[in-house]
Engineer: 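Sharing a structure here in structure tokens format.
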There are 2 protein chains.
Amino acid sequence: MSSNTPSVARQQDEAVAAGNVSPQERLSIGAAFSPLYRQIKALILQSLDRGEWKPGEAIPSELDLAARFKVSQGTVRKAIDELAAENILLRRQGKGTFVTTHHEERVRFRFLRLCPDDGPQVGSDSHYLDCRRVRAPAEIARLLDVKTGDSLVQIRRRLSFSGKPTIIEDIWLPGALVKGLTYERLSDYKGPLYGLFETEFGVRMIRADEKIRAVAAGPAESSVLNLQEGTPLLQIERVSYTYGDRPVEVRRGHYCTANYHYLSNLN
Amino acid sequence: MSSNTPSVARQQDEAVAAGNVSPQERLSIGAAFSPLYRQIKALILQSLDRGEWKPGEAIPSELDLAARFKVSQGTVRKAIDELAAENILLRRQGKGTFVTTHHEERVRFRFLRLCPDDGPQVGSDSHYLDCRRVRAPAEIARLLDVKTGDSLVQIRRRLSFSGKPTIIEDIWLPGALVKGLTYERLSDYKGPLYGLFETEFGVRMIRADEKIRAVAAGPAESSVLNLQEGTPLLQIERVSYTYGDRPVEVRRGHYCTANYHYLSNLN
DNA sequence: TAGTGGTCTAGACCACATA
DNA sequence: ATGTGGTCTAGACCACTAG
């Protein structure tokens, strides 16, 4: 086993064997109990975060990981089960376990919940309107957990479905995370934006929260989407997170829902 | 073991032992492979569906269920794991596994994703405006998987937060499912509507899909919510499902998002 | 103290993909 | 034929709750 892959100490054994604390004490001193498989999960997440296995690649087999961490295969399985449930890993029977990637038709609509009212799901065309450095407004800075005035990259784009302009959105990211991102680079790129962030900058979106409101189209929205001012639009504010729940992107979009709807599943 | 709780046959053993088909054939004849724990899950769902264990009650312990179905505890565990992940069952360490119920503060906002822009989540007050029998319009009938013209119950209500009218919605259910539901019964009832359906009519909502649009307030919305006509509102169409993915309720609501937003989590 | 769910292990075998 | 993930079992022990 290499020195940078620490074996996992069983808390119980270690604590009790060391004679320092009893199982009871372990709880009372505030050391949060965390089962072995969660520690394994955390270690796997660390490896993903530092890029040991890249999106699209396979991670080591369960038996390999079990040997590496000195636990049983079942414990590794349970750790991977949770990561797969969170769409961070993807299991493929007979082939291996893979790091999910935003370069996949299959996953294109995981973060884009707009569906046509009738007919099948259809791809979107991005048209980039702007890309520049800005100083973080207080409101955006708070969401990104950076200081007001810090350097951000701001992108404005228009999304069309079947040729019809449907979404206009502004996107902000910390400038340090996407150094070298230019308007040309965006315009030349084909595919999902999160795919570009992933491969070009090593920034991987894991999950996002969206706040949805109904608003009236203003001048910007009406001209870009070719609508009358005052047309009701969905305003969607998204905060996207990478590993460790670190916020790395804010979007504010306006969606025309004349022929499309936002789909939400309640479980 | 009682006669109405069949033991689960291991497909492999049964088929091979019977000498009819080989494991290879089993697949080719189209008998879909389903692991044991999914068969157990289906049996538990059947018991829930026919009311053997009611919302709020505990189901038998894992060891009891294992004995009943003649499988190992681990297999029962995996079946229950999935049901717990779907919010159908709720595990409480040391106490047992319980059937989830809509009578719980904890679960009040599982199906109501409207949050105040600032401040803590707050309860809602229902004011019932109407409750009557109607013939199913084609559009609603299709969603409920019944025939156009079938008898439905239609409910109209207004929801207020902190005294401010915020939501108006129409609700349709198959009349046969909620026999005896009257306006008085609704008005006297305190608590979530799904709680009433659950305890009074044995209709339990398991999950729901919502389609969201932005629309302009019409006459009905503006008068009930005390808004100007044309104010942008969220229009939310919900279809709720009970066991076996049977649709049992359609809602069409209009939400004022001046001080609230709809929260959606993308994973 | 007894009963419940939660964790961890070891081993056997099945299903699937690939060479 | 080999290696991967998927299922199932049996047993030991831990964590939590309640009588």
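Chain A is the first sequence line, chain B the second, and so forth, proteins listed ahead of strands; every chain is numbered from 1.
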Engineer: A:R157 and A:R251: which non-hydrogen atoms are nearest, and at how many Å?
Structural biologist: NH2-NH1, 3.1 Å
Engineer: Could you report the tightest heavy-atom contact between B:I206 and B:R110, atom names first, then the distance?
Structural biologist: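 Nearest pair, atom of B:I206 first, then B:R110: O-NH1, 3.8 Å.
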Engineer: For a quick test of reading the model: is some side-chain N or O of A:T75 closer than 4.0 Å to OP1 or OP2 of C:dT7?
Structural biologist: no
Engineer: Is it the case that B:R77 and B:S72 place a side-chain donor and acceptor less than 3.5 Å from each other?
Structural biologist: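 No - no donor-acceptor pair under 3.5 Å links their side chains.
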Engineer: For residues 83-92 of chain A, which side-chain N or O atoms pair as donor and acceptor with protein atoms under 3.5 Å away, sequence neighbours left out?
Structural biologist:
| residue | atom | partner | partner atom | Å |
| --- | --- | --- | --- | --- |
| A:E86 | OE2 | A:K41 | NZ | 2.7 |
| A:R91 | NH1 | A:D81 | OD1 | 2.4 |
| A:R91 | NH2 | A:E62 | OE2 | 2.2 |

Engineer: What is the distance from CZ of B:F33 to P of D:dC8, rounded to the nearest Å?
Structural biologist: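 Roughly 6 Å, once rounded to whole Å.
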Engineer: For B:S264 and A:E210, which I'm curious about, is there any donor-acceptor pair between the side chains at under 3.5 Å?
Structural biologist: no
Engineer: Between A:G56 and A:F98, what is the shortest heavy-atom contact and its length?
Structural biologist: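 Looking at all heavy atoms of both residues, the shortest contact is O-CD2, 3.7 Å.
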Engineer: Evaluate the ring planes of B:Y194 and B:F111, with Trp represented by its six-membered ring, and classify them as parallel (under 30°), tilted (30 to 60°) or perpendicular (over 60°).
Structural biologist: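 Plane angle over 60°, so perpendicular.
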Engineer: Whole Å only: how far is the CG atom of B:L90 from the C1' atom of D:dT17?
Structural biologist: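 Interatomic distance, CG of B:L90 to C1' of D:dT17: 15 Å.
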Engineer: Could you pull out the protein-nucleic contacts involving nucleotides 3-5 of chain C (nitrogen or oxygen on both sides, under 3.5 Å)?
Structural biologist:
| residue | atom | partner | partner atom | Å |
| --- | --- | --- | --- | --- |
| C:dG3 | N2 | B:G94 | O | 3.0 |
| C:dT4 | O2 | B:G94 | N | 3.3 |
| C:dG5 | OP1 | B:T97 | OG1 | 3.3 |
| C:dG5 | OP2 | B:E62 | N | 3.0 |
| C:dG5 | N2 | B:Q93 | NE2 | 3.1 |

Engineer: Round to a whole Å and report the spacing from CZ of B:F98 to P of D:dT17.
Structural biologist: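 Distance, rounded to whole Å: 11 Å.
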Engineer: Once the angle between the rings of A:Y189 and A:H103 is folded into 0 to 90°, is it parallel (under 30°), tilted (30 to 60°) or perpendicular (over 60°)?
Structural biologist: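 A:Y189 and A:H103: perpendicular rings.
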Engineer: What is the distance from NZ of A:K70 to P of C:dA10, rounded to the nearest Å?
Structural biologist: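 These atoms are roughly 12 Å apart.
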Engineer: Roughly how many Å is it from CZ in B:F69 to C1' in D:dT7, rounded to a whole number?
Structural biologist: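 So the CZ-C1' distance, B:F69 to D:dT7, works out to 18 Å.
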Engineer: Provide, to the nearest angstrom, the distance between the CG atom belonging to B:D81 and the P atom belonging to C:dC8.
Structural biologist: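 Rounded to whole Å, this separation is 14 Å.
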Engineer: Mind checking whether A:Y260 and A:F161 have parallel, tilted or perpendicular rings, split at 30° and 60°?
Structural biologist: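 It falls in the tilted class, 30° to 60°.
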Engineer: What is the distance, to the nearest angstrom, from the CG atom on B:L36 to the P atom on C:dC13?
Structural biologist: 17 Å
Engineer: Look at the side-chain N and O atoms of A:K78 and state whether any lies under 4.0 Å from the OP1 or OP2 oxygen of C:dC8.
Structural biologist: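 Indeed not, no polar side-chain atom of A:K78 lies that close.
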Engineer: Give DNA chain D the dot-bracket treatment, 5' to 3': Watson-Crick (N1-N3 with N6-O4 or O6-N4) or G-U (N1-O2, O6-N3) under 3.5 Å, [ ] crossing, | other strand.
Structural biologist: ||||||||||||||||||.
